[in-house]
Amino acid sequence: MDNKEIYKKTLTFSLRRFGWDLLSVVVIIILAAAGFFLAEKFADNGLIGLAIGVVIAIILVAIASHFVSYIFKAGQIAMMTKGVTEGKLPDDVYAEGKKIVKERFLTVAAYYAATSAIRGIFNQLGRAITALGSAIGGDNGSAIGSAISSVIQTIVRYLCDCCLGWVFYMKDKSAVKATLEGAVLFFKHGKTFFKNMGRMFGMSFVSFLVIGGVFFGITYLITMAFPDAFNSVAAEFAKEGTEDTAFLADPNNVMLITAAIGGIIMWSILHSVFVRPFILVGVLRNFIESGKNETISEKDLDELDGKSAKFKKLHEEAKA
């Protein structure tokens, strides 16, 4: 199977993630609006109600996502890995993906423990590179290091997914052992991964301009249909009477900021569930192909102990 075929077959996970994310946004909007209008009516302070509504909504969505949405992402990576390594996928990829995830990680806690360890290893290595830039060049080095760090964070997210794919691929080994090997593979075959850099950042930039721009316009048109609501929000900021809130005392500015937030949120959702998986298939293929015939020794694992304390801790747990 080529990358496009795998992407199309696993698109069912993206569609489910999109539905879930869209539902989450709707819940946040409803609770935020309810908080604003209730607080405005009973306490004459809509902004506090707005903040409380948003916080409650985010907590509820986060709790629900912890037990629901992880299966969409993990299942998709599991099926992508299967497509890349076996060249075929079952008819019901969603059911098979759920089955594999639950077999590999017997509990939700086990899944989050493994993914947390993966992120911790690569994030720590990323921070080390940023610190090195600061040490070498002072303030200029710090700026360079920060820029590098921003790039690295994007790379880290793909590395974590590739490492998770490796965990699914190495099904005869423990998740901890496979995680350690996945991290080693990047450092042994990193050049194969960096071949995807142009594609990764180029497609991300284009998707931001197109998706973000379209939904900025759509959100702005929606805000124009509710002038009274935005007049009320602007009036709340006008009550503050400070320089910091003066800009937001104009309802048109509140509409523009809302439209910008809407564009960014929708880009984040659509890029994450549709564009990013398309990029990931190719990155995952390169990652797995580079390591399929690789024999990772204890010496290889020992060498990475010195680069990451989190890796070393996980390595020691695996040996215990």
Side-chain angles (χ1 to χ4, degrees), residues 73-74 77-78 80-81 84-85 101 104-105 109-137 141-142 144-197 200-201 279-320:
K73 179 178 179 180
I77 293 174
M80 285 180 175
T81 302
V84 166
T85 58
V101 172
R104 199 69 173 104
F105 303 102
Y111 167 78
Y112 282 108
T115 53
S116 177
I118 293 169
R119 284 196 305 271
I121 290 170
F122 287 113
N123 280 330
Q124 188 174 46
L125 294 168
R127 288 193 295 271
I129 294 176
T130 303
L132 180 61
S134 300
I136 293 174
S142 179
I144 293 171
S146 296
I148 292 173
S149 181
S150 298
V151 173
I152 285 173
Q153 289 309 306
T154 300
I155 297 172
V156 161
R157 286 191 285 273
Y158 283 96
L159 279 175
C160 290
D161 289 348
C162 287
C163 201
L164 185 57
W166 186 259
V167 171
F168 285 122
Y169 174 56
M170 301 301 291
K171 53 192 173 185
D172 294 331
K173 294 186 178 180
S174 71
V176 172
K177 182 71 171 178
T179 295
L180 295 170
E181 291 187 354
V184 170
L185 281 177
F186 168 69
F187 287 92
K188 296 192 76 172
H189 301 281
K191 62 183 180 181
T192 62
F193 181 83
F194 283 105
K195 289 178 181 178
N196 298 274
M197 288 284 288
M200 189 189 305
F201 288 100
I279 301 171
L280 179 60
V281 178
V283 178
L284 183 63
R285 183 184 293 276
N286 286 344
F287 188 88
I288 291 178
E289 289 295 333
S290 68
K292 282 176 69 174
N293 300 316
E294 181 74 41
T295 301
I296 297 175
S297 65
E298 193 63 31
K299 180 181 178 182
D300 294 324
L301 298 174
D302 290 338
E303 287 179 358
L304 205 53
D305 281 346
K307 296 180 181 179
S308 170
K310 289 185 179 294
F311 182 94
K312 183 177 181 180
K313 181 180 178 181
L314 202 64
H315 187 196
E316 289 173 349
E317 290 176 2
K319 290 190 292 186

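As a basis for the values below, the full set of heavy atoms in this structure was taken, side chains included, without hydrogen atoms, waters or symmetry mates.
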Could you pull out all residues at least two apart from Phe311 that satisfy ring pair (Phe, Tyr, Trp, His ring centres under 6.0 Å)?
none
Closest contact, heavy atoms only, Ala175 versus Arg104:
N-NH1, 3.7 Å
Sidechain-backbone polar pair: Asp300 side chain, Ser297 backbone, donor-acceptor under 3.5 Å:
yes
Looking at Lys171, I'd like to know if its NZ atom is crowded, meaning that more than 12 non-hydrogen atoms belonging to other residues, nucleotides or ligands lie closer than 6.0 Å.
no
Is there a side-chain contact between Val167 and Phe105 (heavy atoms, below 4.5 Å)?
yes
Exercise: identify the closest heavy-atom pair between Ala183 and Cys163:
N-SG, 3.9 Å
Please assess Asp302 against His315 for the test side-chain contact (heavy atoms from CB on, under 4.5 Å), listing each intermediate value before the final yes or no.
CA-CA 8 Å; Asp302 290 338; His315 187 196; 3.1 Å; yes
Begin from the C-alpha positions of Asp161 and Leu284 and carry the test side-chain contact (heavy atoms from CB on, under 4.5 Å) through to its verdict.
CA-CA 8 Å; Asp161 289 348; Leu284 183 63; over 6 Å; no
Heavy-atom closest pair, residues Lys177 and Ser174:
N-OG, 3.1 Å
Looking at CD of Glu181 and OH of Tyr169, how far apart are the two atoms once the value is rounded to the nearest 0.5 Å?
11.0 Å
The reported gap from CZ in Arg285 to OG1 in Thr81 (rounded to nearest 0.5 angstrom) is 11.0 Å
Start with the C-alpha gap between Leu304 and Leu180, add the side-chain angles, then the distance that decides, and say whether side-chain contact (heavy atoms from CB on, under 4.5 Å) holds.
CA-CA 9 Å; Leu304 205 53; Leu180 295 170; over 6 Å; no
Given the rule in the side-chain contact (heavy atoms from CB on, under 4.5 Å) test, do Leu164 and Tyr111 qualify, once you have shown the distances and angles that lead to the verdict?
CA-CA 10 Å; Leu164 185 57; Tyr111 167 78; 4.1 Å; yes
Calculate, to the nearest 0.5 Å, the distance between atoms CZ and CG belonging to Phe287 and Leu185 respectively.
5.0 Å
Quick test of your reading of the model: are Glu289 and Lys292 salt-bridged, counting only N-O distances below 4.0 Å?
yes
With Met80, which of Thr85, Ile288, Val281 fulfils side chain to side chain contact (heavy atoms under 4.5 Å, CB included)?
Val281
